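One structure is given here, and the rest of the page talks about it.
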Amino acid sequence: MLNFFDSHTHSDNSPDGQHSITFMCEKAVEKGLMGIAVTDHCEIDTYEEDGSPMRMLQSVFEVRKAQLAFGGRLMLTAGIELGQPLASPETARQALQMQNYDFVLGSVHRTRADLTDYYWKDYHSYTEADVKKELDVYFNEVLETVRWGQFDVLAHLTYPLRYMEGRDGAPCSLEPHREIMDEILRALARSGKGLELNVSSLYGEYGRTCPTRETIQRFRELGGEIVTIGSDSHRADRIGQGIAEGMEILSACGFEYFAFYKRRAPRMLRIQ
C-alpha cells in the first residue's frame with residue numbers, strides 16, 4: 001500500500017462526475033492508494049437549482065456504506081467541495097450542518113461579480129490588461145472567502161489560469177497580484193487552514209499544478225504548515241494521478257509531511 005492520500009475526488013454525485021463511489025474505491029484499491037476523500041461539488045450560488053442538498057446527502061450515504069465495504073483496504077473520508085460560499089453564507093452554513101463531514105474544501109469557481117464559471121469563458125481575445133482585471137476580482141473574492149473561513153483547506157488557488165493561460169493562451173502574469181496572494185497565504189497560515197496542491201492540470205493543457213511550486217514555497221515561507229494533495233479526479237481511472245509528483249513538489253519546498261482530514265482535523269502523512 002502506498003502512502004498516498006488523494007484529498008480531492010468527485011463521484012457521480014457531482015454534476016460533472018462520472019463514476020460511483022464504489023467503483024472509485026475499487027480503482028483506488030487497485031492502484032494501491034492508502035485513502036481518498038470524496039469531495040463532491042456543492043455550489044452555493046446554485047444550491048437549490050442543481051439539487052445540491054439531495055446530491056450531498058446521497059454522497060455521504062454512499063461514502064458511509066463504502067467505508068464498511070472497504071474497511072481495512074482503503075481509508076475513505078466524506079468531504080465536500082463548497083463552491084462560492086460568499087454567494088450566501090447562510091446557505092453555506094446550512095449545507096455544512098446537513099452532514100458530519102470529515103473534510104471541507106473551500107473553492108471559488110466564479111465570483112459574485114460574474115456568475116460564469118471560468119471554465120466556460122473564452123479568453124482567446126483577452127489582453128494582459130483584461131486578464132489583470134479578471135484576476136483582481138478573483139483574488140479579492142478568494143481573500144474574502146479565506147477571511148470567512150468556514151472550511152479546512154483552500155482548493156486550487158489560481159484556478160482561472162487553467163483556462164486563461166493553459167487552454168486559451170491568454171497572456172497571464174501573477175506579478176501584479178503577489179501582494180494579495182501573500183495576504184491570502186498569510187491568512188490561511190495564521191488561521192491554521194490548509195492550502196491544496198491541485199495536481200489535475202499537470203496532465204492537461206496548463207501542464208502545471210494549481211497553485212504552482214513557487215506559491216507552495218511562498219506559503220511555507222509565510223508560516224503555512226498544512227498542505228493537501230488532490231487529483232481533482234472526475235473519473236475513477238484518474239484517482240491518485242499526480243499524487244507522487246505532488247509529494248515531490250512539497251518535498252522540494254521543504255515540507256516533510258502532507259495532510260488529509262478526518263473529523264475536520266488534519267492528519268499528517270510523511271512524504272515518501
Side-chain angles (χ1 to χ4, degrees), residues 1-11 14 17 21 24-42 56 59-60 62-64 66-82 96 99-107 149-157 188-189 191-200 202 209-211 216 219-220 224-234 236 238-251 253-272:
M1 180 182 291
L2 300 171
N3 189 29
F4 290 5
F5 196 102
D6 188 342
S7 288
H8 191 158
T9 71
H10 294 278
S11 77
S14 288
I21 289 172
M24 291 166 59
C25 290
E26 289 172 353
K27 281 294 183 182
V29 169
E30 180 183 306
K31 293 183 176 189
L33 271 64
M34 174 186 175
I36 64 173
V38 178
T39 52
D40 281 315
H41 284 296
C42 180
M56 297 313 301
S59 179
V60 175
E62 291 177 11
V63 166
R64 300 306 182 202
Q67 284 173 332
L68 297 175
F70 289 88
R73 292 184 289 160
L74 183 72
M75 186 178 297
L76 181 64
T77 59
I80 179 174
E81 183 177 1
L82 193 70
L96 292 177
Q99 298 289 325
N100 291 320
Y101 291 106
D102 289 299
F103 182 44
V104 178
L105 273 172
S107 66
Q150 303 304 304
F151 60 90
D152 302 315
V153 170
L154 179 68
H156 48 52
L157 181 62
L188 288 171
S191 60
K193 304 295 182 185
L195 179 66
E196 178 190 55
L197 178 59
N198 189 296
V199 295
S200 64
L202 282 173
T209 57
C210 287
I216 295 293
F219 181 55
R220 179 170 172 78
E225 298 180 351
I226 300 170
V227 181
T228 61
I229 307 175
S231 69
D232 206 348
S233 62
H234 289 67
R238 295 179 182 171
I239 286 173
Q241 189 177 50
I243 302 299
E245 291 88 338
M247 292 169 76
E248 291 175 4
I249 290 170
L250 293 185
S251 181
C253 292
F255 288 93
E256 295 183 8
Y257 298 88
F258 72 106
F260 72 95
Y261 277 72
K262 193 170 184 180
R263 298 190 180 97
R264 302 293 303 276
R267 310 293 176 91
M268 309 305 285
L269 292 171
R270 182 172 289 278
I271 294 171
Q272 293 180 333

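Because only heavy atoms are used, hydrogens play no part in the values below, and waters and symmetry mates are left out as well, while side chains stay in. None of the values given here were measured: they were computed from a predicted structure.
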Distance in Å, Tyr257 OH paired with Ser251 OG, rounded so as to fall on 0.5 Å steps: 12.5 Å

Stepwise side chain to side chain contact (heavy atoms under 4.5 Å, CB included) test for Thr77 and Phe5: CA-CA 10 Å; Thr77 59; Phe5 196 102; 3.9 Å; yes

His8 and His234 aromatic centres sub-6.0 Å: no

Straight-line distance of Leu33 CG to Leu76 CG, nearest 0.5 Å: 11.5 Å

Between CG on residue Leu250 and CD on residue Glu256, distance to nearest 0.5 Å: 12.0 Å

Contact summary for Ala259 and Met268, nearest pair of heavy atoms: CB-SD, 3.7 Å

Shortest non-hydrogen contact from Leu74 toward Gly35: CD1-CA, 3.6 Å

Student check: side-chain heavy atoms of Ile216 and Pro211 closer than 4.5 Å: yes

Test side chain to side chain contact (heavy atoms under 4.5 Å, CB included) applied to Glu81 and Leu105, Val38, Thr9, Asp40, the passing residue: Leu105

Exam field: side chain Lys193 to backbone Phe151, donor-acceptor pair closer than 3.5 Å: yes

Spacing of Ser7 atom OG and Leu197 atom CG [to the nearest 0.5 Å]: 11.0 Å

Worked verdict on Lys27 versus Glu30 for side chain to side chain contact (heavy atoms under 4.5 Å, CB included): CA-CA 5 Å; Lys27 281 294 183 182; Glu30 180 183 306; 3.6 Å; yes

Heavy-atom check, side chain of Val199 versus side chain of Gln241, under 4.5 Å: no

Arg64 with Asp102: basic N within carboxylate O range, under 4.0 Å: yes

Residue pair Leu96 / Val104, side-chain heavy-atom distance below 4.5 Å: yes

Pairwise side-chain contact, Asp232 with His156, heavy-atom cut-off 4.5 Å (strictly under): yes

Side chain to side chain, Tyr261 and Ile226, heavy atoms closer than 4.5 Å: yes

With Leu188, the side chain to side chain contact (heavy atoms under 4.5 Å, CB included) member among Val153, Leu157, Leu195: Leu195

Quiz item: cation-pi between Arg264 and Phe103, 6.0 Å / 45°: no

From CA spacing to verdict: side chain to side chain contact (heavy atoms under 4.5 Å, CB included), Phe258, Arg270: CA-CA 7 Å; Phe258 72 106; Arg270 182 172 289 278; over 6 Å; no

Shortest non-hydrogen separation from Phe219 to Ala189 and the atoms involved: CE1-N, 4.0 Å

Interatomic spacing from OG in Ser231 to CZ in Phe4 - rounded to 0.5 Å: 12.5 Å

Smallest separation among heavy atoms of Ile21 and Ala66, with atom names: CG2-CB, 4.0 Å

Sidechain-backbone polar pair: Ser14 side chain, His41 backbone, donor-acceptor under 3.5 Å: yes

Spacing of CE belonging to Met75 relative to CE belonging to Met34, to within rounding of 0.5 Å: 4.0 Å

Closest contact, heavy atoms only, Ser233 versus Ile239: OG-CG1, 3.3 Å

Greater than 12 external heavy atoms within 6.0 Å of Gln99's CD: yes

Side chain to side chain contact (heavy atoms under 4.5 Å, CB included) between Phe260 and Asp6, worked out: CA-CA 8 Å; Phe260 72 95; Asp6 188 342; over 6 Å; no

Residue pairs involving residues 238-249 (criterion salt bridge (Lys or Arg N to Asp or Glu O under 4.0 Å); sequence neighbours excluded): none

